[in-house]
K.L.:
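The following block contains the structure, expressed as structure tokens.
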Amino acid sequence: MNHVILGIESSCDDTAAAVLADGHILSNVVASQEVHRLYGGVVPEVASRAHQENIVPVVDQALKQAGVRKEQLSAIAFTRGPGLIGSLIVGTSFSKALAMSLDIPLVEVHHMQAHVLAHFAEDPKPGFPFLCLTVSGGHTQIVLVRDFLDMEVLGSTLDDAAGEAFDKTGKLLGLDYPAGPLIDQWAQKGKPVFEFPEPKIRGLNFSFSGLKTAILYFLRDKVKEDPDFIQKNLADICASVQQRIVTILLSKLRKAARQTGIREIAIAGGVSANSGLRTALEKMGKKEGWNTYIPRFEFCTDNAAMIALAGYYKFLKGDFASQDVVPDARLEW
Ligand code: KG4
Ligand code: ZN
């Protein structure tokens, strides 16, 4: 083992640690914070406190599972942003302290770049250049990836993220947070019989706030006619909403692929776990002649393996952070 990187992720509501040795993942541990379910969304203050409780046991477990001692680590990679500032502070402070005590380099990682680099966790890996549709609870982006650390955002959301569209729809339907996986499950039992509008947004940008409003008014009108409308039609409503979100995402991705002539197409981020999106991407890929890449579920949602991977490529370039580094909730690319 030449280069052993400990990755630490704490940008939102998952406390995660992973160990990577020479580019191979030895462990990938995540403690998800179930407590937010009670509030129907992530409560930042509660998230920071849970990170504080989780971070030591999670790192400990990641090292144990990897069979690595702290003294064998070559560097610590951590999420500097974007994310919730209180959550980021916990991971950043912990990483700085551990790097200082071990006298090893510290590497700062951009959370969204790391989502893209999750594709290098396992084979098959996309070839450069590729396009990556990164869809999470906080972001929706089409990224042109020229190299591990050379990325350009071609389009992004003007308002809500795709994951937010799932989560906010779920709230209207009375589903628990995060609603994305639940809508996915219900959608598999239903048919997309209800029509929701596709927004007309120029270029490669996205918008989901109009869809949210359309769903709100649709449900309000239907519930007026029949108070049990949601319970009776939950599977069909979920299938219809999911299909619309998927077509919004994929029509822009196809536009980007045609504009750039790139046929290596990847998806990343929590929403890429969606079964409707995965199936539709494969179908579109066959039609368009793409090679498509979808990470395994554990590498789609927030995880530290992707942070360790991003950290590894920066480590190889000698791109280290200083002990003065501070987290940045709105970190730019
Ligand atoms: O990447 P991620 O774990 O965290 C962020 O960086 O935001 O993404 C979380 C988002 C949530 O909005 C969640 O509802 C959504 O990913 N999500 C899904 C599915 N699994 C997670 N959305 C739709 N279908 C799924 N199966
Ligand atoms: Zn994420």
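Atom set for the values below is all heavy atoms of this structure, side chains included, hydrogens, waters and symmetry mates excluded. What you see is a predicted model, and the numbers here were worked out from it, not measured in a lab. Numbering of residues begins at 1 and proceeds along the displayed sequence. Remember, it's 1-based here, ligands and their atoms both numbered in the order they're listed.
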K.L.:
Between the candidates Gly270, Ser275, Gly180, which shows the shortest non-hydrogen contact distance to atom 21 (C) of ligand 1?
P.N.:
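The nearest heavy atom belongs to Gly270.
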
K.L.:
Could you list the atoms of ligand 1 found under 4.0 angstrom from a heavy atom of His111?
P.N.:
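Contacts of ligand 1 toward His111, numbered from 1: 6 (O).
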
K.L.:
Nearest protein heavy-atom contact for atom 24 (N) of ligand 1: which residue, which atom, what distance?
P.N.:
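Minimum-distance protein heavy atom for atom 24 (N) of ligand 1 reads Asn274 ND2, 2.9 Å.
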
K.L.:
Would you check if the Zn ion (ligand 2) lies under 2.8 Å from any N, O or S atom of Cys12?
P.N.:
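For Cys12, the answer is no, given that no N, O or S atom comes within less than 2.8 Å of the Zn ion (ligand 2).
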
K.L.:
Do Asp184 and Gln242 touch side chain to side chain, with heavy atoms closer than 4.5 Å?
P.N.:
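Contact flag for Asp184/Gln242 side chains = yes.
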
K.L.:
Check ligand 1 against Gly163 and write out every atom of the ligand that is under 4.0 Å from a heavy-atom position of the residue.
P.N.:
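Those atoms are 12 (O).
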
K.L.:
With a distance cut-off below 6.0 Å to the six-membered ring centre and an angular limit of 45° from the axis, does Lys286 pair with Trp290 as a cation-pi contact?
P.N.:
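No, cation not above the ring by the 6.0 Å, 45° rule.
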
K.L.:
Which N, O or S atom name in Asp302 marks its closest approach to the Zn ion (ligand 2)?
P.N.:
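It is OD1 of Asp302.
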
K.L.:
Show me which atoms of ligand 1 lie under 4.0 Å from any heavy atom of Asp167.
P.N.:
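Every atom of ligand 1 under 4.0 Å from some heavy atom of Asp167: 11 (C), 12 (O), 13 (C), 14 (O).
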
K.L.:
Short N/O distance, under 3.5 Å, between Asp302 and ligand 1?
P.N.:
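It does: an N or O of Asp302 is found under 3.5 Å from an N or O of ligand 1.
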
K.L.:
Show me which atoms of ligand 1 lie under 4.0 Å from any heavy atom of Ser136.
P.N.:
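Taking each heavy atom of Ser136 in turn, ligand 1 has 1 (O), 5 (C), 6 (O), 7 (O), 8 (O) under 4.0 Å.
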
K.L.:
Salt-bridge test for Asp226 and Lys222: reply yes if a basic N is under 4.0 Å from a carboxylate O, no otherwise.
P.N.:
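No, this pair does not count.
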
K.L.:
What is the minimum heavy-atom distance between Val19 and Ala62, and which atoms define it?
P.N.:
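That would be CG2-O, 3.7 Å.
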
K.L.:
Less than 4.0 Å is my threshold; does some heavy atom of Pro181 fall inside it relative to ligand 1?
P.N.:
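Contact present.
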
K.L.:
Thinking salt bridges, do Glu164 and Lys212 make one under a 4.0 Å N-O criterion?
P.N.:
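No salt bridge links Glu164 with Lys212.
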
K.L.:
Say whether Gln185 and ligand 1 are in contact under the criterion: heavy-atom distance to a ligand atom below 4.0 Å.
P.N.:
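No, Gln185 has no heavy atoms under 4.0 Å from ligand 1.
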
K.L.:
Regarding Asp319 and Lys317, does a basic nitrogen lie under 4.0 Å from an acidic carboxylate oxygen?
P.N.:
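Here Asp319 does not pair with Lys317 in a salt bridge, since their nearest N and O are not under 4.0 Å apart.
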
K.L.:
Could you check which of Gly137, Ser32, Ala161, Gly170 puts a non-hydrogen atom nearest to atom 7 (O) of ligand 1?
P.N.:
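Heavy atom nearest to atom 7 (O) of ligand 1 belongs to Gly137.
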
K.L.:
In terms of atom number and element, which parts of ligand 1 are under 4.0 angstrom from non-hydrogen atoms of Gly138?
P.N.:
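Those of ligand 1 that fall under 4.0 Å from Gly138 are 7 (O).
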
K.L.:
Which atoms of ligand 1 sit under 4.0 Å from any heavy atom of Ala273?
P.N.:
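Atoms satisfying the 4.0 Å criterion: 20 (N), 26 (N).
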
K.L.:
Checking side-chain polar atoms at under 3.5 Å, does Glu198 have a donor or acceptor matched by the opposite partner on Ser251?
P.N.:
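A pair is found: one side chain offers a donor N or O, the other an acceptor, under 3.5 Å apart.
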
K.L.:
Between Tyr312 and Phe120, is the ring centre distance below 6.0 Å?
P.N.:
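Ring centroids of Tyr312 and Phe120 are no less than 6.0 Å from each other.
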
K.L.:
For Asp184, take its heavy atoms, then give the atoms of ligand 1 lying under 4.0 Å from any of them.
P.N.:
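Going through ligand 1 atom by atom, the ones under 4.0 Å from Asp184 are 24 (N), 25 (C), 26 (N).
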
K.L.:
Just heavy atoms, cut-off under 4.0 Å: does His115 contact ligand 1 by side chain, backbone, both, or neither?
P.N.:
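Within the 4.0 Å criterion, His115 contacts ligand 1 through side-chain atoms alone.
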
K.L.:
Does any N, O or S atom in His139 come within less than 2.8 Å of the Zn ion (ligand 2)?
P.N.:
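Under 2.8 Å: His139 has no N, O or S contact with the Zn ion (ligand 2).
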
K.L.:
Give me the nearest non-hydrogen protein atom to atom 15 (C) of ligand 1 as residue plus atom name, then the distance to 0.1 Å.
P.N.:
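I find the closest protein heavy atom is Val271 CG2, 3.9 Å.
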
K.L.:
Taking CZ in Arg330 as the centre, count heavy atoms belonging to other residues, nucleotides or ligands within less than 6.0 Å. Is the count above 12?
P.N.:
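No.
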
K.L.:
When Val246 is tested against each of Val271, Val241, Asn274 for side-chain contact (heavy atoms from CB on, under 4.5 Å), which residue passes?
P.N.:
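Only one option passes, and that is Asn274.
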
K.L.:
Under 6.0 Å between the ring centres of Phe315 and His3?
P.N.:
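Yes.
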
